[in-house]
Amino acid sequence: MTAAPPAPSAAVPHTGAGPRTYLVRTLGCQMNVHDSERLAGMLEAQGYVPVESVPEAAARATDAGDGGADVVVINTCSVRENAATRLFGNLGQLASVKRRRPGMQIAVGGCLAQQMRTGIVEKAPWVDVVLGTHNLDVLPALLERARHNAEAQVEIEEALKVFPSTLPTRRESAYAAFVSISVGCNNTCTFCIVPHLRGKERDRRPGEVLAEVQAVVAQGAIEVTLLGQNVNSYGVGFGDRGAFAKLLRACGEIDGLERVRFTSPHPAAFTDDVIEAMAETPNVMPSLHMPLQSGSDAVLRAMRRSYRQEKYLGIIDRVRAAIPDAAITTDIIVGFPGETEEDFQATLDVVAASRFSSAFTFQYSPRPGTPAADLEQVPAEVVTDRYQRLLALQKRISTEENEQQEGRTVDVLVAEGEGRKDGATHRVTGRAADNRLVHVALPAGLADDERPRPGDMVTATVTHGAPHHLVADSALTGGTYRLRRTRAGDAWSLRAGLVEEPHSHGEAAPAGPVTLGMPALRR
(Lines give C-alpha, C1' and ligand atoms only; values in the text may rest on other atoms or scores of the structure.)
Protein backbone atom coordinates (compact mmCIF):
# COMPACT_ATOMS: atom_id res chain seq x y z
CA MET A 1 0.00 0.00 0.00
CA THR A 2 1.40 3.43 -0.96
CA ALA A 3 1.79 5.88 1.88
CA ALA A 4 -0.46 8.93 1.71
CA PRO A 5 1.28 12.15 0.76
CA PRO A 6 2.12 14.40 3.70
CA ALA A 7 -0.37 17.14 4.42
CA PRO A 8 0.60 20.79 4.67
CA SER A 9 2.56 21.36 7.85
CA ALA A 10 0.63 21.38 11.06
CA ALA A 11 1.15 24.14 13.60
CA VAL A 12 4.52 22.93 14.82
CA PRO A 13 6.84 25.87 15.43
CA HIS A 14 10.07 23.97 14.80
CA THR A 15 11.26 20.55 15.84
CA GLY A 16 14.98 21.29 16.04
CA ALA A 17 16.91 23.30 18.59
CA GLY A 18 18.60 25.48 15.97
CA PRO A 19 17.23 28.16 13.65
CA ARG A 20 14.67 27.40 10.97
CA THR A 21 16.54 26.83 7.69
CA TYR A 22 15.60 27.44 4.06
CA LEU A 23 16.67 26.55 0.52
CA VAL A 24 15.54 28.35 -2.64
CA ARG A 25 15.79 26.40 -5.90
CA THR A 26 15.56 28.40 -9.13
CA LEU A 27 14.25 27.11 -12.47
CA GLY A 28 14.51 29.52 -15.40
CA CYS A 29 15.93 32.85 -16.45
CA GLN A 30 18.05 35.52 -14.79
CA MET A 31 14.87 37.35 -13.80
CA ASN A 32 13.92 34.26 -11.79
CA VAL A 33 17.39 34.12 -10.25
CA HIS A 34 16.98 37.71 -9.08
CA ASP A 35 13.47 36.99 -7.76
CA SER A 36 14.95 34.08 -5.81
CA GLU A 37 17.45 36.47 -4.25
CA ARG A 38 14.52 38.53 -3.03
CA LEU A 39 12.67 35.50 -1.67
CA ALA A 40 15.83 34.55 0.24
CA GLY A 41 16.23 38.11 1.52
CA MET A 42 12.69 38.18 2.89
CA LEU A 43 13.13 34.84 4.63
CA GLU A 44 16.35 36.01 6.25
CA ALA A 45 14.67 39.23 7.35
CA GLN A 46 12.19 36.98 9.23
CA GLY A 47 14.94 34.99 10.95
CA TYR A 48 15.35 32.03 8.59
CA VAL A 49 18.92 31.06 7.77
CA PRO A 50 20.41 29.43 4.64
CA VAL A 51 20.61 25.70 5.21
CA GLU A 52 24.25 25.56 4.08
CA SER A 53 25.20 27.68 7.08
CA VAL A 54 23.79 25.11 9.54
CA PRO A 55 25.94 21.95 9.21
CA GLU A 56 23.65 19.70 11.24
CA ALA A 57 20.70 20.62 8.99
CA ALA A 58 22.70 20.34 5.75
CA ALA A 59 23.89 16.88 6.84
CA ARG A 60 20.37 15.48 6.43
CA ALA A 61 20.15 16.50 2.75
CA THR A 62 18.80 13.86 0.38
CA ASP A 63 18.92 13.22 -3.36
CA ALA A 64 15.52 14.93 -3.63
CA GLY A 65 17.25 18.31 -3.68
CA ASP A 66 15.93 19.46 -0.31
CA GLY A 67 19.37 20.47 0.96
CA GLY A 68 18.31 19.37 4.44
CA ALA A 69 16.20 22.52 4.86
CA ASP A 70 13.06 23.09 6.90
CA VAL A 71 11.60 25.24 4.11
CA VAL A 72 12.18 24.46 0.41
CA VAL A 73 11.08 27.12 -2.09
CA ILE A 74 10.94 26.24 -5.80
CA ASN A 75 10.87 29.32 -8.05
CA THR A 76 9.46 28.08 -11.35
CA CYS A 77 9.60 28.92 -15.06
CA SER A 78 6.87 28.22 -17.61
CA VAL A 79 8.70 28.95 -20.86
CA ARG A 80 9.42 25.33 -21.78
CA GLU A 81 6.79 22.65 -22.41
CA ASN A 82 8.28 20.29 -19.83
CA ALA A 83 8.29 22.90 -17.05
CA ALA A 84 5.27 21.37 -15.29
CA THR A 85 6.62 17.84 -15.66
CA ARG A 86 9.91 18.93 -14.13
CA LEU A 87 8.19 20.72 -11.25
CA PHE A 88 5.93 17.83 -10.29
CA GLY A 89 8.83 15.42 -10.59
CA ASN A 90 10.72 17.53 -8.06
CA LEU A 91 7.68 17.82 -5.81
CA GLY A 92 7.14 14.05 -5.91
CA GLN A 93 10.69 13.50 -4.65
CA LEU A 94 10.22 16.06 -1.90
CA ALA A 95 7.00 14.40 -0.67
CA SER A 96 8.85 11.42 0.80
CA VAL A 97 11.34 13.75 2.51
CA LYS A 98 8.51 15.73 4.05
CA ARG A 99 6.99 12.60 5.57
CA ARG A 100 10.20 12.02 7.50
CA ARG A 101 10.87 15.63 8.49
CA PRO A 102 8.30 17.06 10.93
CA GLY A 103 7.50 20.70 10.31
CA MET A 104 9.04 20.80 6.83
CA GLN A 105 7.32 23.15 4.38
CA ILE A 106 7.34 23.36 0.58
CA ALA A 107 6.54 26.56 -1.33
CA VAL A 108 6.17 27.08 -5.08
CA GLY A 109 6.49 30.49 -6.74
CA GLY A 110 7.30 31.99 -10.13
CA CYS A 111 5.70 31.94 -13.56
CA LEU A 112 4.32 28.39 -13.44
CA ALA A 113 2.72 29.13 -10.07
CA GLN A 114 1.14 32.27 -11.54
CA GLN A 115 -0.20 30.16 -14.41
CA MET A 116 -1.37 27.00 -12.58
CA ARG A 117 -2.54 28.56 -9.30
CA THR A 118 -4.55 26.06 -7.21
CA GLY A 119 -3.76 23.40 -9.81
CA ILE A 120 -0.39 22.89 -8.12
CA VAL A 121 -1.97 21.99 -4.79
CA GLU A 122 -4.58 19.83 -6.52
CA LYS A 123 -1.81 17.74 -8.12
CA ALA A 124 0.59 17.94 -5.16
CA PRO A 125 -1.50 18.38 -1.97
CA TRP A 126 1.62 18.24 0.21
CA VAL A 127 2.66 21.71 -1.03
CA ASP A 128 2.17 24.33 1.70
CA VAL A 129 2.36 27.62 -0.21
CA VAL A 130 1.77 28.80 -3.78
CA LEU A 131 2.46 32.43 -4.69
CA GLY A 132 2.73 34.27 -7.99
CA THR A 133 5.07 36.67 -9.73
CA HIS A 134 3.26 39.79 -8.52
CA ASN A 135 3.36 39.21 -4.76
CA LEU A 136 6.77 37.89 -3.74
CA ASP A 137 6.52 39.83 -0.49
CA VAL A 138 3.88 37.53 1.03
CA LEU A 139 6.05 34.39 1.25
CA PRO A 140 6.94 34.60 4.98
CA ALA A 141 3.34 35.38 5.94
CA LEU A 142 1.95 32.51 3.85
CA LEU A 143 4.43 30.06 5.39
CA GLU A 144 3.34 31.13 8.87
CA ARG A 145 -0.35 30.95 7.96
CA ALA A 146 0.05 27.47 6.43
CA ARG A 147 1.82 26.31 9.57
CA HIS A 148 -0.83 27.80 11.87
CA ASN A 149 -3.85 26.63 9.85
CA ALA A 150 -2.34 23.27 8.79
CA GLU A 151 -3.59 23.80 5.25
CA ALA A 152 -2.16 25.00 1.97
CA GLN A 153 -2.15 28.72 1.24
CA VAL A 154 -2.50 29.91 -2.37
CA GLU A 155 -2.28 33.62 -3.08
CA ILE A 156 -2.02 34.94 -6.65
CA GLU A 157 -2.29 38.64 -7.52
CA GLU A 158 -3.43 39.73 -10.98
CA ALA A 159 -1.20 42.80 -11.05
CA LEU A 160 2.04 43.84 -9.40
CA LYS A 161 1.41 44.39 -5.70
CA VAL A 162 4.84 45.48 -4.51
CA PHE A 163 7.66 46.55 -6.83
CA PRO A 164 10.22 43.78 -6.26
CA SER A 165 13.20 46.15 -5.97
CA THR A 166 11.84 47.48 -2.67
CA LEU A 167 12.20 44.05 -1.04
CA PRO A 168 15.25 42.87 0.91
CA THR A 169 17.61 40.84 -1.27
CA ARG A 170 20.16 38.20 -0.40
CA ARG A 171 22.44 38.29 -3.41
CA GLU A 172 23.64 34.95 -4.69
CA SER A 173 27.07 36.41 -5.47
CA ALA A 174 29.29 38.64 -3.36
CA TYR A 175 31.04 40.07 -6.41
CA ALA A 176 28.30 40.39 -9.08
CA ALA A 177 24.74 41.64 -8.79
CA PHE A 178 21.50 41.76 -10.76
CA VAL A 179 19.58 45.05 -10.72
CA SER A 180 16.09 45.22 -12.24
CA ILE A 181 15.29 48.30 -14.28
CA SER A 182 11.77 47.17 -15.18
CA VAL A 183 9.33 44.32 -14.77
CA GLY A 184 6.78 42.97 -17.23
CA CYS A 185 6.58 43.21 -21.02
CA ASN A 186 4.42 45.07 -23.54
CA ASN A 187 5.18 42.80 -26.49
CA THR A 188 2.68 40.26 -27.84
CA CYS A 189 4.90 37.50 -29.24
CA THR A 190 2.58 34.63 -30.15
CA PHE A 191 4.85 31.95 -28.63
CA CYS A 192 5.39 33.63 -25.26
CA ILE A 193 3.37 33.38 -22.05
CA VAL A 194 5.58 35.81 -20.09
CA PRO A 195 3.56 39.04 -20.63
CA HIS A 196 0.46 37.24 -19.35
CA LEU A 197 2.31 36.05 -16.24
CA ARG A 198 4.56 39.06 -15.56
CA GLY A 199 2.12 41.79 -16.64
CA LYS A 200 2.63 45.03 -18.54
CA GLU A 201 6.01 46.71 -18.38
CA ARG A 202 6.63 48.96 -15.40
CA ASP A 203 9.82 51.01 -15.34
CA ARG A 204 11.76 52.13 -12.31
CA ARG A 205 13.00 55.71 -12.17
CA PRO A 206 16.67 56.09 -13.12
CA GLY A 207 17.52 57.51 -9.70
CA GLU A 208 16.18 54.40 -7.98
CA VAL A 209 18.12 52.10 -10.31
CA LEU A 210 21.37 54.02 -9.83
CA ALA A 211 20.88 54.11 -6.05
CA GLU A 212 20.63 50.32 -6.00
CA VAL A 213 23.67 49.97 -8.27
CA GLN A 214 25.65 52.23 -5.92
CA ALA A 215 24.42 50.25 -2.93
CA VAL A 216 25.59 46.88 -4.27
CA VAL A 217 28.91 48.37 -5.37
CA ALA A 218 29.40 49.75 -1.86
CA GLN A 219 28.94 46.20 -0.59
CA GLY A 220 31.76 44.91 -2.79
CA ALA A 221 30.19 44.02 -6.15
CA ILE A 222 32.24 45.06 -9.18
CA GLU A 223 29.88 43.70 -11.86
CA VAL A 224 26.21 44.58 -12.33
CA THR A 225 23.73 43.14 -14.84
CA LEU A 226 20.73 45.35 -15.60
CA LEU A 227 17.60 43.22 -16.01
CA GLY A 228 14.35 43.70 -17.88
CA GLN A 229 12.13 41.70 -20.23
CA ASN A 230 12.94 44.35 -22.85
CA VAL A 231 15.62 46.67 -21.49
CA ASN A 232 15.79 49.00 -24.46
CA SER A 233 12.12 49.98 -24.18
CA TYR A 234 13.04 51.29 -20.73
CA GLY A 235 11.86 54.85 -20.24
CA VAL A 236 8.68 54.67 -22.30
CA GLY A 237 6.71 54.50 -19.05
CA PHE A 238 7.99 57.89 -17.90
CA GLY A 239 8.30 59.54 -21.31
CA ASP A 240 11.99 59.24 -22.17
CA ARG A 241 12.77 56.93 -25.07
CA GLY A 242 16.50 57.58 -24.68
CA ALA A 243 16.53 56.57 -21.01
CA PHE A 244 18.35 53.26 -21.41
CA ALA A 245 21.36 54.75 -23.20
CA LYS A 246 21.48 57.49 -20.55
CA LEU A 247 21.32 54.83 -17.82
CA LEU A 248 24.29 52.97 -19.32
CA ARG A 249 26.31 56.18 -19.43
CA ALA A 250 25.36 57.00 -15.83
CA CYS A 251 26.59 53.57 -14.72
CA GLY A 252 29.92 54.55 -16.25
CA GLU A 253 30.19 57.31 -13.66
CA ILE A 254 29.89 55.01 -10.63
CA ASP A 255 33.23 54.67 -8.87
CA GLY A 256 34.23 51.04 -8.28
CA LEU A 257 31.83 49.55 -10.85
CA GLU A 258 34.08 47.71 -13.30
CA ARG A 259 31.65 45.74 -15.45
CA VAL A 260 28.13 46.54 -16.64
CA ARG A 261 26.02 44.06 -18.62
CA PHE A 262 22.33 43.98 -19.56
CA THR A 263 19.68 41.55 -20.76
CA SER A 264 17.57 41.26 -22.77
CA PRO A 265 17.08 43.80 -25.55
CA HIS A 266 14.54 43.46 -28.36
CA PRO A 267 15.67 44.07 -31.96
CA ALA A 268 12.57 46.11 -32.74
CA ALA A 269 13.43 48.77 -30.14
CA PHE A 270 17.23 48.61 -30.27
CA THR A 271 18.55 52.04 -31.20
CA ASP A 272 21.87 53.52 -32.23
CA ASP A 273 22.14 55.64 -29.07
CA VAL A 274 22.47 52.38 -27.10
CA ILE A 275 25.25 51.18 -29.42
CA GLU A 276 27.02 54.51 -28.96
CA ALA A 277 26.65 54.32 -25.16
CA MET A 278 28.07 50.78 -25.18
CA ALA A 279 31.04 51.81 -27.31
CA GLU A 280 31.80 55.00 -25.37
CA THR A 281 31.30 53.82 -21.76
CA PRO A 282 34.41 51.92 -20.65
CA ASN A 283 32.74 49.74 -18.02
CA VAL A 284 29.91 48.60 -20.33
CA MET A 285 31.19 45.24 -21.52
CA PRO A 286 31.60 44.29 -25.21
CA SER A 287 28.94 41.60 -25.07
CA LEU A 288 25.41 41.67 -26.41
CA HIS A 289 22.58 39.15 -26.23
CA MET A 290 20.28 39.92 -29.17
CA PRO A 291 17.39 37.42 -29.57
CA LEU A 292 16.77 36.42 -33.20
CA GLN A 293 14.09 33.69 -32.78
CA SER A 294 13.89 33.19 -36.57
CA GLY A 295 15.66 34.47 -39.68
CA SER A 296 12.50 34.19 -41.81
CA ASP A 297 10.39 37.30 -42.31
CA ALA A 298 7.28 35.14 -42.68
CA VAL A 299 7.91 33.37 -39.39
CA LEU A 300 8.81 36.62 -37.61
CA ARG A 301 5.50 38.04 -38.82
CA ALA A 302 3.64 34.99 -37.48
CA MET A 303 5.52 35.33 -34.19
CA ARG A 304 4.52 39.04 -34.00
CA ARG A 305 8.16 39.98 -33.75
CA SER A 306 8.10 43.55 -35.08
CA TYR A 307 11.39 43.47 -37.00
CA ARG A 308 12.58 41.63 -40.08
CA GLN A 309 15.80 39.95 -41.19
CA GLU A 310 17.23 43.09 -42.79
CA LYS A 311 16.74 45.18 -39.63
CA TYR A 312 18.28 42.47 -37.47
CA LEU A 313 21.39 42.08 -39.63
CA GLY A 314 21.71 45.87 -39.72
CA ILE A 315 21.91 45.96 -35.93
CA ILE A 316 24.58 43.27 -35.91
CA ASP A 317 26.62 45.18 -38.53
CA ARG A 318 26.41 48.48 -36.60
CA VAL A 319 27.37 46.84 -33.31
CA ARG A 320 30.41 45.19 -34.90
CA ALA A 321 31.43 48.47 -36.56
CA ALA A 322 31.28 50.34 -33.25
CA ILE A 323 32.57 47.52 -31.03
CA PRO A 324 34.76 45.21 -33.15
CA ASP A 325 35.57 42.83 -30.28
CA ALA A 326 31.96 42.37 -29.17
CA ALA A 327 30.74 38.82 -28.60
CA ILE A 328 27.11 38.54 -29.71
CA THR A 329 24.81 35.76 -28.52
CA THR A 330 21.20 35.00 -29.39
CA ASP A 331 18.03 32.94 -28.91
CA ILE A 332 16.58 30.85 -31.74
CA ILE A 333 13.36 28.82 -31.97
CA VAL A 334 13.24 25.93 -34.45
CA GLY A 335 9.98 24.50 -35.76
CA PHE A 336 7.58 27.37 -35.07
CA PRO A 337 4.14 26.48 -36.50
CA GLY A 338 4.11 26.92 -40.27
CA GLU A 339 7.90 27.03 -40.59
CA THR A 340 8.93 25.68 -44.02
CA GLU A 341 12.31 24.41 -45.15
CA GLU A 342 12.79 27.75 -46.88
CA ASP A 343 12.03 29.57 -43.63
CA PHE A 344 14.50 27.42 -41.75
CA GLN A 345 17.18 28.02 -44.38
CA ALA A 346 16.68 31.77 -43.80
CA THR A 347 17.50 31.18 -40.13
CA LEU A 348 20.65 29.28 -41.06
CA ASP A 349 21.62 32.14 -43.39
CA VAL A 350 21.29 34.73 -40.60
CA VAL A 351 23.27 32.53 -38.19
CA ALA A 352 26.05 32.16 -40.77
CA ALA A 353 26.11 35.92 -41.41
CA SER A 354 25.92 36.97 -37.76
CA ARG A 355 28.72 34.73 -36.47
CA PHE A 356 27.25 34.41 -32.98
CA SER A 357 29.73 33.40 -30.30
CA SER A 358 27.01 31.14 -28.92
CA ALA A 359 23.27 30.61 -29.22
CA PHE A 360 20.49 29.38 -26.95
CA THR A 361 18.50 27.13 -29.26
CA PHE A 362 15.04 25.70 -28.61
CA GLN A 363 12.68 23.33 -30.33
CA TYR A 364 9.30 25.06 -30.39
CA SER A 365 6.92 23.75 -27.76
CA PRO A 366 3.33 25.06 -27.51
CA ARG A 367 2.49 26.93 -24.34
CA PRO A 368 -1.19 26.80 -23.32
CA GLY A 369 -2.74 30.23 -23.47
CA THR A 370 -0.58 31.53 -26.32
CA PRO A 371 -1.91 32.15 -29.87
CA ALA A 372 0.72 29.89 -31.46
CA ALA A 373 -0.42 26.90 -29.42
CA ASP A 374 -3.56 26.66 -31.57
CA LEU A 375 -1.71 26.64 -34.90
CA GLU A 376 -0.85 23.55 -36.90
CA GLN A 377 2.41 22.16 -35.56
CA VAL A 378 5.46 21.13 -37.59
CA PRO A 379 6.00 17.33 -37.37
CA ALA A 380 8.30 16.44 -34.48
CA GLU A 381 10.76 14.52 -36.64
CA VAL A 382 11.14 17.54 -38.94
CA VAL A 383 11.76 19.85 -35.98
CA THR A 384 14.36 17.47 -34.56
CA ASP A 385 16.21 17.22 -37.87
CA ARG A 386 16.30 21.01 -38.30
CA TYR A 387 17.37 21.48 -34.70
CA GLN A 388 20.35 19.15 -35.15
CA ARG A 389 21.38 20.96 -38.32
CA LEU A 390 21.24 24.30 -36.52
CA LEU A 391 23.27 22.94 -33.60
CA ALA A 392 25.94 21.65 -35.98
CA LEU A 393 26.23 25.00 -37.76
CA GLN A 394 26.39 27.01 -34.54
CA LYS A 395 28.93 24.63 -33.00
CA ARG A 396 31.18 25.07 -36.02
CA ILE A 397 30.87 28.86 -35.84
CA SER A 398 31.41 28.96 -32.06
CA THR A 399 34.51 26.81 -32.43
CA GLU A 400 35.91 29.01 -35.19
CA GLU A 401 35.17 32.21 -33.28
CA ASN A 402 36.75 30.85 -30.09
CA GLU A 403 39.80 29.58 -31.96
CA GLN A 404 40.31 33.14 -33.19
CA GLN A 405 40.71 34.15 -29.53
CA GLU A 406 43.88 32.06 -29.23
CA GLY A 407 46.84 34.30 -28.44
CA ARG A 408 44.61 37.04 -27.02
CA THR A 409 45.27 38.28 -23.48
CA VAL A 410 42.07 38.48 -21.44
CA ASP A 411 41.03 39.78 -18.03
CA VAL A 412 38.93 37.14 -16.28
CA LEU A 413 36.65 37.86 -13.33
CA VAL A 414 37.03 34.68 -11.29
CA ALA A 415 33.70 33.02 -10.53
CA GLU A 416 32.49 30.60 -7.91
CA GLY A 417 31.17 27.27 -9.17
CA GLU A 418 31.38 27.78 -12.96
CA GLY A 419 34.29 25.38 -13.49
CA ARG A 420 33.13 21.92 -12.43
CA LYS A 421 36.51 20.35 -13.29
CA ASP A 422 38.68 23.07 -11.74
CA GLY A 423 39.75 20.87 -8.85
CA ALA A 424 41.07 18.19 -11.18
CA THR A 425 42.61 20.55 -13.73
CA HIS A 426 44.06 23.02 -11.17
CA ARG A 427 42.44 25.91 -13.00
CA VAL A 428 40.09 28.71 -11.98
CA THR A 429 37.12 29.74 -14.10
CA GLY A 430 35.43 33.02 -14.87
CA ARG A 431 34.20 35.35 -17.58
CA ALA A 432 36.23 37.54 -19.91
CA ALA A 433 35.02 41.06 -20.66
CA ASP A 434 33.06 39.74 -23.66
CA ASN A 435 31.37 37.18 -21.37
CA ARG A 436 33.15 34.15 -22.82
CA LEU A 437 33.77 31.39 -20.27
CA VAL A 438 37.51 31.01 -19.62
CA HIS A 439 39.37 28.28 -17.70
CA VAL A 440 42.68 29.72 -16.45
CA ALA A 441 45.69 27.65 -15.33
CA LEU A 442 47.57 28.80 -12.25
CA PRO A 443 51.37 28.91 -11.94
CA ALA A 444 52.91 25.74 -10.50
CA GLY A 445 53.60 25.74 -6.78
CA LEU A 446 51.21 28.58 -6.00
CA ALA A 447 50.63 28.89 -2.24
CA ASP A 448 47.05 28.84 -0.97
CA ASP A 449 47.19 32.50 0.04
CA GLU A 450 48.35 33.41 -3.48
CA ARG A 451 45.41 31.74 -5.24
CA PRO A 452 42.75 33.97 -6.80
CA ARG A 453 39.47 34.20 -4.96
CA PRO A 454 36.03 34.49 -6.59
CA GLY A 455 35.72 38.19 -7.38
CA ASP A 456 39.43 38.68 -8.08
CA MET A 457 40.69 39.46 -11.57
CA VAL A 458 43.20 37.25 -13.40
CA THR A 459 44.98 38.18 -16.62
CA ALA A 460 46.16 35.36 -18.89
CA THR A 461 46.62 34.51 -22.57
CA VAL A 462 44.19 32.20 -24.36
CA THR A 463 45.89 29.01 -25.51
CA HIS A 464 42.91 27.02 -26.83
CA GLY A 465 39.44 27.76 -28.13
CA ALA A 466 36.75 25.08 -27.72
CA PRO A 467 33.09 25.27 -28.81
CA HIS A 468 31.78 26.44 -25.44
CA HIS A 469 34.80 27.87 -23.61
CA LEU A 470 38.35 29.14 -23.79
CA VAL A 471 41.43 27.74 -22.06
CA ALA A 472 44.17 30.10 -20.91
CA ASP A 473 47.15 27.96 -19.86
CA SER A 474 49.80 30.61 -20.45
CA ALA A 475 50.98 30.40 -16.81
CA LEU A 476 52.13 26.81 -17.30
CA THR A 477 54.87 27.85 -19.71
CA GLY A 478 55.97 31.00 -17.93
CA GLY A 479 53.70 33.20 -20.02
CA THR A 480 51.17 35.83 -19.02
CA TYR A 481 49.68 35.51 -15.56
CA ARG A 482 48.71 38.41 -13.34
CA LEU A 483 46.44 38.46 -10.31
CA ARG A 484 44.66 41.59 -9.14
CA ARG A 485 43.05 41.42 -5.73
CA THR A 486 39.73 43.28 -5.68
CA ARG A 487 37.16 44.60 -3.23
CA ALA A 488 34.87 41.94 -4.67
CA GLY A 489 37.31 39.21 -3.65
CA ASP A 490 37.43 40.75 -0.18
CA ALA A 491 33.62 40.67 -0.04
CA TRP A 492 33.64 37.00 -1.07
CA SER A 493 36.21 36.16 1.65
CA LEU A 494 34.08 37.93 4.22
CA ARG A 495 30.92 36.08 3.17
CA ALA A 496 32.81 32.76 3.15
CA GLY A 497 33.96 33.40 6.71
CA LEU A 498 37.65 33.43 5.75
CA VAL A 499 38.22 36.86 7.30
CA GLU A 500 36.60 38.76 10.12
CA GLU A 501 34.25 41.63 9.40
CA PRO A 502 36.24 44.87 9.21
CA HIS A 503 35.52 47.58 11.73
CA SER A 504 36.44 50.13 9.32
CA HIS A 505 37.17 52.89 7.23
CA GLY A 506 35.85 52.36 3.81
CA GLU A 507 36.23 48.62 3.20
CA ALA A 508 33.51 46.74 1.34
CA ALA A 509 30.50 46.02 3.51
CA PRO A 510 29.34 42.42 3.96
CA ALA A 511 27.38 41.04 1.03
CA GLY A 512 24.21 40.06 2.85
CA PRO A 513 20.64 41.25 2.37
CA VAL A 514 20.40 44.46 0.35
CA THR A 515 17.67 47.01 0.79
CA LEU A 516 17.24 50.26 -1.08
CA GLY A 517 18.08 53.46 0.66
CA MET A 518 20.89 55.93 0.51
CA PRO A 519 23.96 54.14 -0.85
CA ALA A 520 26.96 53.86 1.42
CA LEU A 521 29.85 56.11 0.48
CA ARG A 522 33.33 54.73 -0.03
CA ARG A 523 36.17 56.95 1.21
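Here the structure is a predicted model, which is why all the values come from computation and not from measurement.
With hydrogens and angles ignored, the 3.5 Å screen pairs a side-chain donor or acceptor of D128 with a backbone N or O of I106. Side chain of W126 to backbone of L91: a donor-acceptor contact under 3.5 angstrom is found. Judged purely by atom type and a 3.5 angstrom limit, E339 uses its side chain to pair as donor or acceptor with the backbone of G335. Within the 3.5 Å criterion, the main-chain N or O of C185 finds no donor-acceptor partner in the side chain of N230. One N or O on the side chain of T190 and one on the backbone of A302 form a donor-acceptor pair closer than 3.5 Å. A donor-acceptor pair is defined here as one N or O able to donate and one able to accept, closer than 3.5 Å; such a pair exists between the side chain of T76 and the backbone of L112. No donor-acceptor pair under 3.5 Å is formed between the side chain of H289 and the backbone N or O of T263. Between the side chain of R25 and the backbone N or O of I74, no donor-acceptor pair lies under 3.5 Å.
Residues M290 and H266 share a closest heavy-atom pair of SD-C, 4.4 Å. Of all heavy-atom pairs between I120 and F88, the closest is O-CE2, 3.9 Å. Heavy atoms only, all atoms of each residue included: A40 and R170 are closest at CB-CB, 4.0 Å. Summarising the geometry of P206 relative to F238, their closest heavy-atom pair is CD-CZ, 3.7 Å, with the distance given to 0.1 Å. Of all non-hydrogen atoms in A152 and V121, the two that sit nearest each other are CB-CG1, 3.9 Å. Across every non-hydrogen atom of R171 and A176, the tightest pair is NH1-O, 3.7 Å.
Just one residue in the list E44, Q105, Q46 forms a side-chain hydrogen bond (donor to acceptor under 3.5 Å, both in side chains) with Y22, and that residue is E44.
Counting only heavy atoms from C-beta outward, the side chains of V72 and K98 never approach each other to under 4.5 Å. Side-chain contact check for M285 versus N435: every heavy-atom pair is 4.5 Å or farther apart. Proximity of V378 to R386: side-chain heavy atoms (C-beta onward) are separated by under 4.5 Å at one or more points. When side chains are defined from C-beta on, D63 does not count as touching Q93, because their heavy atoms never get closer than 4.5 Å. Residues V299 and F344 have side chains not in contact (no heavy-atom distance under 4.5 Å, counting atoms from C-beta outward). Taking the side chain as every heavy atom from C-beta outward, D343 and S294 never approach each other to under 4.5 Å. Inter-residue side-chain proximity for L43 and V73 is flagged as met; some heavy-atom pair is nearer than 4.5 Å. No side-chain heavy atom of L23 sits under 4.5 Å from any side-chain heavy atom of D66.
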_Stepwise side chain to side chain contact (heavy atoms under 4.5 Å, CB included) test for D331 and Q293_ = CA-CA 6 Å; D331 298 329; Q293 308 303 3; 3.9 Å; yes

_Let's go through H439 and D422 carefully: what are the C-alpha distance in whole Å and the side-chain angles of both, what is the deciding distance for side chain to side chain contact (heavy atoms under 4.5 Å, CB included) to 0.1 Å, and is it a yes or a no?_
CA-CA 8 Å; H439 302 298; D422 284 352; 4.1 Å; yes

*Trace of the side chain to side chain contact (heavy atoms under 4.5 Å, CB included) decision for L210 with C251*: CA-CA 7 Å; L210 293 170; C251 285; 4.1 Å; yes

_side chain to side chain contact (heavy atoms under 4.5 Å, CB included) evaluation trace for L248 with L226_ = CA-CA 9 Å; L248 290 178; L226 304 175; 4.0 Å; yes

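The aromatic rings of Y364 and F336 sit perpendicular, their planes meeting at an angle over 60°, well past the 30° parallel limit.
Ionic pairing of R431 and E223 is not present here: no N-O contact between side-chain nitrogen and carboxylate oxygen is shorter than 4.0 angstrom. Ionic pairing of R389 and D385 is present here: one or more N-O contacts between side-chain nitrogen and carboxylate oxygen are shorter than 4.0 angstrom. Salt bridge E416/R495: absent, no basic N to carboxylate O contact under 4.0 Å. A salt bridge is absent between D70 and R147; no separation between the charged side-chain nitrogens and carboxylate oxygens falls under 4.0 Å. Between R205 and D240 no salt bridge is recorded (no basic side-chain N to carboxylate O distance below 4.0 Å).
Residue T361 holds its OG1 atom at 9.0 Å from CD of Q388, rounded to the nearest 0.5 Å. For the atom pair T133 OG1 and Q114 CD, the distance stands at 4.0 Å (nearest 0.5 Å). Separating the CD atom in Q377 from the OG atom in S365 is a distance of 9.5 Å, to the nearest 0.5 Å. Atom-to-atom distance recorded for R305:CZ and T188:OG1 is 10.0 Å, nearest 0.5 angstrom. Interatomic distance, S182 OG to Q229 CD, rounded to the nearest 0.5 Å: 7.5 Å. One finds the OH atom of Y387 at 10.0 Å from the CD1 atom of I332 (value rounded to the nearest 0.5 Å).
Remark: aromatic rings of Y307 and F270 are distant, center separation not under 6.0 Å.
Counting only N and O atoms by type, the side chains of E201 and S233 include a donor and acceptor under 3.5 Å apart. For the residue pair S180 and R204, no side-chain donor N or O sits within less than 3.5 Å of a side-chain acceptor on the partner.
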